2 protein chains.
Amino acid sequence: MSEIITQSIQDYLKHIYELNEHGSSASTNDIATRLNIAPASVTGMLQRLANSTPPLVIYKKHQGVTLTKNGEKAALEVIRHHRLLETFLVNTLGYSWDEVHCEADKLEHVISEDFEARMAKALGNPTRDPHGELIPTADLTMPADKSCLLASLRTNETATVRRVSDDDPALLRHLRKIGVVPEVKITIKNYSEFDGNLTVKVEGQKSNVVLGTAVTSQVFVDK
Amino acid sequence: MSEIITQSIQDYLKHIYELNEHGSSASTNDIATRLNIAPASVTGMLQRLANSTPPLVIYKKHQGVTLTKNGEKAALEVIRHHRLLETFLVNTLGYSWDEVHCEADKLEHVISEDFEARMAKALGNPTRDPHGELIPTADLTMPADKSCLLASLRTNETATVRRVSDDDPALLRHLRKIGVVPEVKITIKNYSEFDGNLTVKVEGQKSNVVLGTAVTSQVFVDK
DNA sequence: TCTAAAATTTAGTCTTACCTAAATTTTATT
DNA sequence: AATAAAATTTAGGTAAGACTAAATTTTAGA
Ligand SMILES: [Mn+2]
Ligand SMILES: [Mn+2]
Ligand SMILES: [Mn+2]
Ligand SMILES: [Mn+2]
């Protein structure tokens, strides 16, 4: 009965999952932007995903999609692969954290469940990837995440860096350089009303840094 | 100018390379059998490969194909990936030698050159994979191989096992069990004219084994 | 050398997954 | 509430890579 989940479909589901995490329903345009595909093509695929057996998304014309339970499981499977792979590439092959995302994006669709299990075991069943992102469990549950945006902090607040977006290698190299990496403690020294800049004291760094929203909107912290 | 070498094309080139190693020209039917594809589909692809820029095969109607220099380089790239991956899976993730072929067949098309280089380095630039098959060098040259078929040996000859075919997991498990693995010395105790059976003394094993041609035609040795 | 079988190619289809251009629907602004 | 802009869908295509059935060519056996 159930149809083949191609690499292309896996990519759609993964990005829909991530879009659903924020504003519930994922829009055609947002999906198109993320996948670097024409919006018209996305519409076509959403219709197929909604009509497949079992349906992978719930689709209402002009109102975007959400994942069904089946779609979510398939998405979490891919995300688990991705994040385990990133961890594996860093720990086992000496990649740096800005190099792994692209490689994992290709491998995630191809490895077997056996490969997944062997990686997880070799790595000691990690719960987070090199960017601090949560790794779905083997039974495909996403652990709860209560972190908030660094951009939402204000003067005198203290927090611990939990995770950072991993898709921009240049940003990752910059964050590494200024010491903004998972589990590091930070203190907000100043918030600038006008541009949203934050002056931040980073644990273990001599001088404060001033971070714009381009940066602070990509970093998540626990207060 | 030069067109994209898809996963499908990589598979064609790889199998054509292996067929060319034996009887020079690879036939439509043999390729079809190996790829598990209808012969008519193969004809279509061979025409495309011959007309691509640059051409990847030399194709004469009804006479099969050989690889061009470009086609051969592309094939050796895939074969290098495959054999390094097999070695990596065994050494790093604890796969056994009968489990790696299938996984490597999928990964070989997807890893980056960086991944290839990191594996090679981590493994100490191996020259053979877990089945004893030669790994093409980083500059895509296939080392010379002067091994011959175990099936070609006769009574009282002595040889060293060099490599075994890796695509049949059951055969690999059997060979492991009887100790017929690369670098092991063997002696032919008897050759049976009628069925081609060889009675073989395997170094380190208590009793002799009798091997049919189904086995001896899959094992390569150096005299 | 003739002929039957085997191998190969041609012709015509299909599905996936993309595209552009045009039509439609939603939304945001006056 | 009207309308312009933005988002989305529809309609009509394309290319890759497979398929089947039928035609053709090669090969091998009598
Ligand atoms: Mn990533
Ligand atoms: Mn990550
Ligand atoms: Mn193999
Ligand atoms: Mn091998």
Side-chain angles (χ1 to χ4, degrees), chain A residues 1-16 19-20 22-53 55-66 71 74 78 105-106 108-110, chain B residues 1-16 19-20 22-53 55-66 71 74 78 105-106 108-110:
Chain A
M1 272 305 109
S2 86
E3 284 138 77
I4 292 164
I5 297 185
T6 63
Q7 295 198 11
S8 176
I9 291 176
Q10 287 179 14
D11 272 334
Y12 275 89
L13 296 177
K14 180 177 73 163
H15 285 104
I16 292 168
L19 287 166
N20 282 173
H22 301 287
S24 182
S25 187
S27 77
T28 301
N29 256 15
D30 286 351
I31 298 168
T33 301
R34 276 187 171 244
L35 293 175
N36 220 332
I37 271 176
S41 307
V42 173
T43 299
M45 180 62 96
L46 296 185
Q47 290 166 344
R48 277 178 50 209
L49 296 179
N51 295 329
S52 77
T53 50
L56 298 171
V57 303
I58 294 162
Y59 170 59
K60 296 241 178 64
K61 257 193 204 177
H62 295 279
Q63 321 214 120
V65 286
T66 53
V78 180
D105 264 350
K106 294 181 300 175
E108 66 190 8
H109 307 293
V110 165
Chain B
M1 273 304 109
S2 86
E3 284 140 78
I4 292 164
I5 297 185
T6 63
Q7 295 196 11
S8 177
I9 292 176
Q10 288 179 13
D11 272 333
Y12 275 90
L13 297 177
K14 180 176 71 162
H15 284 104
I16 292 167
L19 287 166
N20 283 173
H22 301 286
S24 182
S25 187
S27 77
T28 301
N29 256 14
D30 286 351
I31 298 168
T33 302
R34 276 187 171 244
L35 293 174
N36 221 331
I37 271 176
S41 308
V42 172
T43 300
M45 180 62 96
L46 296 185
Q47 291 166 342
R48 279 177 48 209
L49 296 178
N51 294 329
S52 77
T53 50
L56 298 171
V57 302
I58 294 161
Y59 170 59
K60 296 239 177 67
K61 258 192 204 180
H62 295 279
Q63 322 215 121
V65 287
T66 53
V78 180
D105 263 350
K106 293 180 300 174
E108 66 190 6
H109 307 295
V110 166

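Chain naming here is simple, since letters A, B, ... match the order of the sequence lines and numbering starts at 1 in each. As the structure is a computational prediction, the values presented were derived from the model and not from experiment.
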Can you tell me how far P of dT26(D) sits from NE2 of His62(B), to the nearest Å? 5 Å
Side chain to side chain, His15(A) and Asp30(A), heavy atoms closer than 4.5 Å: no
Work out which heavy atom in Ile5(B) is nearest to a heavy atom in Ala74(B); give both atom names and the distance. CD1-CB, 3.8 Å
Specify the separation, in whole Å, of atom CD of Gln10(B) and atom P of dG17(D). 11 Å
Side-chain N or O of Thr6(B) closer than 4.0 Å to phosphate OP1/OP2 of dA16(D): no
What is the distance, rounded to the nearest whole Å, between atom NE2 of His109(A) and atom P of dA17(C)? 12 Å
Starting from P on dC18(C), measure out to CG on Asn36(A) and report it in whole angstrom. 11 Å
Tell me whether the OP1 or OP2 atom of dT10(D) has a side-chain N or O from Gln47(A) closer than 4.0 Å. yes
Any chance you could measure His109(A), atom NE2, to Ile9(A), atom CD1, to the nearest 0.5 Å? 11.5 Å
Quick one: Ile37(A) CD1 to dA17(C) P, roughly how many Å, whole number? 10 Å
DNA chain C: Ile9(A) or Ser27(B), which has the more 5' nearest nucleotide? Ser27(B)
State whether Tyr12(A) places a side-chain N or O below 4.0 Å from either non-bridging phosphate oxygen (OP1 or OP2) of dT16(C). no
Rounded off to whole Å, could you give me the CD-to-C1' distance for the Glu3(B) and dA16(D) pair? 12 Å
Flag the pair Asp105(A) / Lys14(A) as yes when at least one side-chain heavy-atom distance between them is below 4.5 Å, and no otherwise. yes
Would you say Lys61(A) reaches dT10(D)'s phosphate, i.e. side-chain N/O to OP1/OP2 under 4.0 Å? yes
How long is the gap from CG on Leu46(B) to NZ on Lys60(B), to the nearest 0.5 Å? 14.0 Å
Whole-Å distance separating the CG atom of Asn29(B) from the P atom of dT8(C): 4 Å
Between dC18(C) atom P and Leu49(A) atom CG, what is the distance in whole Å? 11 Å
On a heavy-atom basis, which atom in Val110(A) and which in Lys106(B) lie closest, and how many Å separate them? O-NZ, 3.2 Å
Compare side-chain N and O positions of Tyr59(B) against OP1 and OP2 of dT8(C) and report whether any pair is under 4.0 Å apart. no
With the threshold set at under 4.0 Å for non-hydrogen atoms, list the residues of residues 38-46 of chain A touching DNA chain C in residue-number order. Ala38(A), Ala40(A), Ser41(A), Met45(A)
OP1 or OP2 of dT16(C) versus the side-chain N and O atoms of Ser8(A): is any pair under 4.0 Å? no
Can you tell me which nucleotide in dT8(C), dT16(C), dT8(D) comes closest to the side chain of Thr28(B)? dT8(C)
Which nucleotide wins on minimum distance to the side chain of Arg48(B), given the candidates dA16(D), dT25(C), dT16(C)? dA16(D)
Taken to the nearest 0.5 Å, the spacing of Ile16(B) CD1 from Leu35(B) CG works out to 8.0 Å
